[in-house]
Number of protein chains: 2
Amino acid sequence: MNHSDYMAQALAQAQLGLDEGGVPIGCVLVRDGEVVGVGHNRRVQRDSAILHAEMDALEATGRRPGAFYKDVTLYTTLSPCAMCTGAILLYGIPRVVIGENESFMGEETLLAERGVDVEVLGDAGCRQLMVDFMRDRPDLWNEDIGV
Amino acid sequence: MNHSDYMAQALAQAQLGLDEGGVPIGCVLVRDGEVVGVGHNRRVQRDSAILHAEMDALEATGRRPGAFYKDVTLYTTLSPCAMCTGAILLYGIPRVVIGENESFMGEETLLAERGVDVEVLGDAGCRQLMVDFMRDRPDLWNEDIGV
């Protein structure tokens with residue numbers, strides 16, 4: 001498995017979210033080559049103000065000791081917002097792989113400043129899903145980023 | 001109602017969390033003098049990696065349009081960690097009142113740098129609850145902050 005394979009799983013999560021009527025962002029947490037948690041944005045599905053994709057994946061991964069996260073790579077289809085960036089910093093996740101940051105630029109600078117290894121794949125599939133969603137549901141999108 | 005009254009409600013949430021066997025941190029969100037959401041850390045109670053007190057209070061407040069948060073003051077018994085700080089920044093909450101920051105110093109500098117009005121009350125009750133908990137349950141406390 002390489003970056004593209006894990007990002008494909010994150011994108012499948014995003015598509016699942018869209019199919020459920022939600023915000024199409026997905027996330028996969030990988031540790032030592034093993035997927036330890038997957039998630040997608042569930043704002044609509046769970047009527048939630050906090051279940052962004054990254055948060056949902058962290059929750060799916062369960063309660064873990066701090067040391068667990070120091071070997072985790074987080075794959076997310078979209079550049080992470082301030083909340084998800086903060087969660088990454090809280091747990092000391094050292095590597096974040098981002099599908100795309102053209103439709104929305106999150107807190108990549110803050111992540112990098114704090115020593116997180118950030119890689120952006122520029123994935124066209126991730127981008128198209130968001131561009132279409134922002135066009136079709138600006139109400140949901142704005143709510144999701146607090147605008 | 002003033003700062004002390006709202007902080008007393010946050011502290012009551014923290015005490016409730018302790019009584020439930022959880023991490024004793026509480027939070028209250030106030031808008032135009034009205035309490036719009038309360039919460040406490042539910043790591044233990046919900047087996048959650050993301051339900052810090054501030055996140056729990058945001059979730060209790062429900063899905064709201066972005067403009068809603070711009071009149072909210074967040075009261076938390078303890079200096080907010082990176083995750084909760086990020087959530088505050090995501091939603092653009094402009095004012096944060098902190099019970100104490102001696103037992104744990106969170107991301108107050110980042111909040112202030114981003115223009116959030118931060119006030120620390122130095123509340124002895126909030127501090128004692130955390131000092132006792134850190135002494136009695138260092139395992140839970142370290143897990144909660146990713147150490």
Side-chain angles (χ1 to χ4, degrees), chain A residues 22-23 29 36-37 39 41-70 72 80-94 104 106-107 110-111 113-114 116 138-147, chain B residues 22-23 29 36-37 39 41-70 72 80-94 104 106-107 110-111 113-114 116 138-147:
Chain A
V23 182
L29 269 57
V36 292
N41 187 302
R42 299 193 205 241
R43 170 173 293 275
V44 174
Q45 299 93 316
R46 296 273 180 89
D47 223 18
S48 172
I50 65 173
L51 282 176
H52 278 192
E54 297 89 332
M55 308 299 288
D56 190 48
L58 281 165
E59 195 68 319
T61 302
R63 286 174 54 191
R64 305 283 191 162
F68 175 89
Y69 299 97
K70 279 58 178 177
V72 165
C81 81
M83 174 174 66
C84 300
T85 292
I88 291 162
L89 296 177
L90 169 65
Y91 287 117
I93 293 174
F104 172 78
E107 295 278 352
L110 179 59
L111 285 171
E113 282 173 0
R114 298 293 182 96
V116 177
D139 54 329
L140 273 180
W141 173 242
N142 286 334
E143 185 192 306
D144 202 49
I145 54 169
V147 170
Chain B
V23 182
L29 270 57
V36 291
N41 187 303
R42 299 192 205 242
R43 171 172 292 275
V44 173
Q45 299 92 318
R46 296 273 180 90
D47 224 18
S48 172
I50 65 173
L51 283 177
H52 278 192
E54 297 89 330
M55 307 299 288
D56 190 48
L58 281 166
E59 195 67 319
T61 304
R63 286 174 54 191
R64 305 284 191 163
F68 175 89
Y69 299 96
K70 280 57 179 178
V72 165
C81 82
M83 175 173 66
C84 299
T85 292
I88 290 161
L89 296 176
L90 169 65
Y91 286 117
I93 293 173
F104 172 78
E107 294 279 354
L110 180 58
L111 285 171
E113 281 173 0
R114 298 293 182 97
V116 178
D139 54 329
L140 274 180
W141 172 243
N142 285 335
E143 185 193 307
D144 203 48
I145 54 169
V147 171

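In what follows, chains are A, B, ... by sequence order, proteins preceding strands, each numbered from 1.
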Report which part of [X] has an atom under 4.5 Å of a heavy atom belonging to chain B: side chain, backbone, both, or neither.
| X | result |
| --- | --- |
| A:L140 | side chain |
| A:D139 | neither |
| A:N142 | neither |
| A:L110 | side chain |

Atom pair [atom1] ([X]) and [atom2] ([Y]), whose distance is rounded to the nearest 0.5 Å:
| X | Y | atom1 | atom2 | value |
| --- | --- | --- | --- | --- |
| A:L90 | B:D144 | CG | CG | 7.5 Å |
| A:Y69 | A:T61 | OH | OG1 | 6.5 Å |
| A:E54 | B:M83 | CD | CE | 13.0 Å |
| B:I50 | A:M55 | CD1 | CE | 4.5 Å |

_Are B:V72 and B:Y91 packed together at the side-chain level, in the sense that at least one heavy-atom pair is separated by less than 4.5 angstrom?_
no
*Check whether B:R43 gets within reach of chain A through its side chain, its backbone, both or neither, counting any heavy atom under 4.5 Å.*
both
*Pick one of side chain, backbone, both or neither for B:T85, based on which atoms fall under 4.5 Å of a heavy atom in chain A.*
neither
*Closest heavy-atom contact between B:G62 and A:A49?*
O-CB, 3.8 Å
*Against chain B, work out which of A:I145, A:L58, A:L89, A:I88 has the most heavy-atom pairs shorter than 4.5 Å and name it.*
A:I145
_So, using salt bridge (Lys or Arg N to Asp or Glu O under 4.0 Å) as the criterion, who are the partners of B:R42 when residues are at least two apart?_
B:D56
*Select, from B:R64, B:E143, B:R114, B:E59, the one with the greatest count of heavy-atom pairs under 4.5 Å involving chain A.*
B:E59
*Between chain A and each of B:R63, B:H52, B:K70, B:E107, count heavy-atom pairs under 4.5 Å; write down the option with the most.*
B:R63
